[in-house]
Each structure stands twice: as C-alpha cells, then as structure tokens.
Amino acid sequence: MPAALIDRLRQARRVVFFTGAGVSAESGIPTFREAQTGLWARFRPEELASPEAFRESPQRVWDWYAWRRSACLAARPNPAHHAIAALQRQWPDSVLITQNVDGLHRRAGSVEPLELHGTLHRLACFACGRDAGDWPENPPPSVPRCACGGQLRPAVVWFGEALPAATLRRAVEASEAADLFVSIGTSAQVYPAAELPLLARRQGAWLVEVNPQPAPLSALADLCLHGAAGEVLPALAASLDLGCVDSPGASL
Ligand SMILES: [Zn+2]
C-alpha cells in the first residue's frame, strides 16, 4: 500500500465506501444483462425491470427476480465484502453506500449499508408502497398480495424509477462529510449515484478508486489502486491493522 494512503487511513474519521457491480462480480454474480440467458434473453431489460413491465406481466417480473435472488443466495461474500466489514468496525463513523442489490454486504457483517438501488431480499407493495418485509423463505409460485389487495414487488429500483429519497439523502450527507471516500468496483457513470464521489471530492475528501481497469473517475481520484477488490481491500485492511500496532518507531 502506498505510504500516502496509509497516512490517510490513520487520519481518517469519516470514511465512505462506495461499491458497485465489480464487487458482486467477484462473488460470481452476473450483471443484469449477463444474467439474461436462456428464456430471459428475448426480453429487453425494461421488460423485466420497470413499473410498466410489472403492470403488464407481474408474473414474468416476479419469476425473473425469484431466479435472480436464488442466484444471489447461492453466492457467497468475497474477501472484499469481508474486508469492508472489518474496516467499518475500525471506523464507527464510516458509511457503506452500495449500488448492489444482492445483500452480500449484510451477509459479510456490514451494518445498515445504504442500498441505493434497494435489495432483492425485501418486498414492497406495488399499489400502496408499504414495506412488505422479507422475501418469504418459501416464496409462493404466484405473485403475493398486500393486505390492501395490491401485488407485492421486489424492493429494488427499476428502470424509470427514482432512487429511494431518504437513502439518497443520507448517502449525499455522508459523502459531503467524508474525509476519505473509497470507490470500489464501480464505473460511477450512472447518475445520481455517480455524483457522490464528486460531491465528496468537492468538499475536500481524499478520493481513492479501486478498480481492475481505469474508469472515468480515475482522472479525478487522488489515488487509483488497479486490481481486484478482493485483493486490494484485504491488503488495505491489513495495512490499517499494522498502523494500529502500538510499537513506537515501527515503520510501514
Ligand atoms: Zn398495499
């Protein structure tokens, strides 16, 4: 790890971790389009993930998400998820913002991630908007209904929908207050999420990008760590542990 980063890690108090599809991919979770194989290949993404699609064919959308969710449950958190959870324990004021809906951060022990695109593991009512709790352990083959009579949908953000306002507001506040912002496995090209690292940078945060390949954000980052998140994040966590050793004169 570069010495400049170690110094920043030692001084940091308000750290934001911001994760995207690259972190999920390292657990073997395909992107939305990669998952569109077999029966699903003939649909446009908007035909599987939009309010219009659910109105037109709720069963098709339900089946797609039941299948996506089972793939996520079969996957496991990878070393990046675990390292982020460990780093969060070092910084009680840190915030994890994720664009991923697979729930792997929670399974790795991260508490209250800000899930900008919602989660595959909860349901909401399509009619009244009520939170409808966890996706049932043994989901019914047909679309379940709310007490109001409306159909239940996965609590994810669909094409054409706004990000959940309260979650986005907390993400903006955390980004503006950050002194270190670590962007991991995201190309940060989809607005408004893409603005978060820029907001943090504008307010004086040190911006670190972790990505296998250079991305548009690289030009703005104070430091780019090119590599797999599952390798870079554990190394970063290990560096911090070294920094906590009470050993005067120890050099890193
Ligand atoms: Zn309802």
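Both counts, for ligands and for their atoms, begin at 1 and track the order of listing. Numbers for residues simply follow the sequence, beginning at 1. The figures here come from the full heavy-atom set of this structure, side chains too, leaving out hydrogens, waters and symmetry mates. A quick note: this is a predicted structure, and the numbers were derived from the prediction, not measured.
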> Less than 4.0 Å between a side-chain N and a carboxylate O, is that true for D102 and R107?
Replying inline: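 No salt bridge links R107 with D102.
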> Does the pair R13/D179 count as a salt bridge with the N-to-O cut at 4.0 Å?
Replying inline: no
>> Below 30° counts as parallel, above 60° as perpendicular, anything between as tilted: where do the rings of F181 and F18 land?
In response: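 Answer is tilted, since the angle falls between 30° and 60°.
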> Would you say the side chain of T19 lies within less than 4.5 Å of the side chain of V182, judging by non-hydrogen atoms?
Replying inline: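 No, too far: nothing below the 4.5 Å cut-off.
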> Heavy-atom distance under 4.5 Å between the side chains of D134 and L123, does that happen here?
Replying inline: no
Please tabulate, for the side chains in residues 160-172, all donor-acceptor contacts under 3.5 angstrom to protein atoms that are two or more places apart in sequence or on a different chain.
{"residue": "E161", "atom": "OE1", "partner": "R153", "partner atom": "NH2", "Å": "3.0"}
{"residue": "E161", "atom": "OE1", "partner": "W158", "partner atom": "N", "Å": "2.8"}
{"residue": "E161", "atom": "OE2", "partner": "R153", "partner atom": "NH1", "Å": "2.7"}

> Which protein N, O or S atoms sit under 2.8 Å from the Zn ion (ligand 1)?
Replying inline: C125 SG, C128 SG, C146 SG, C148 SG
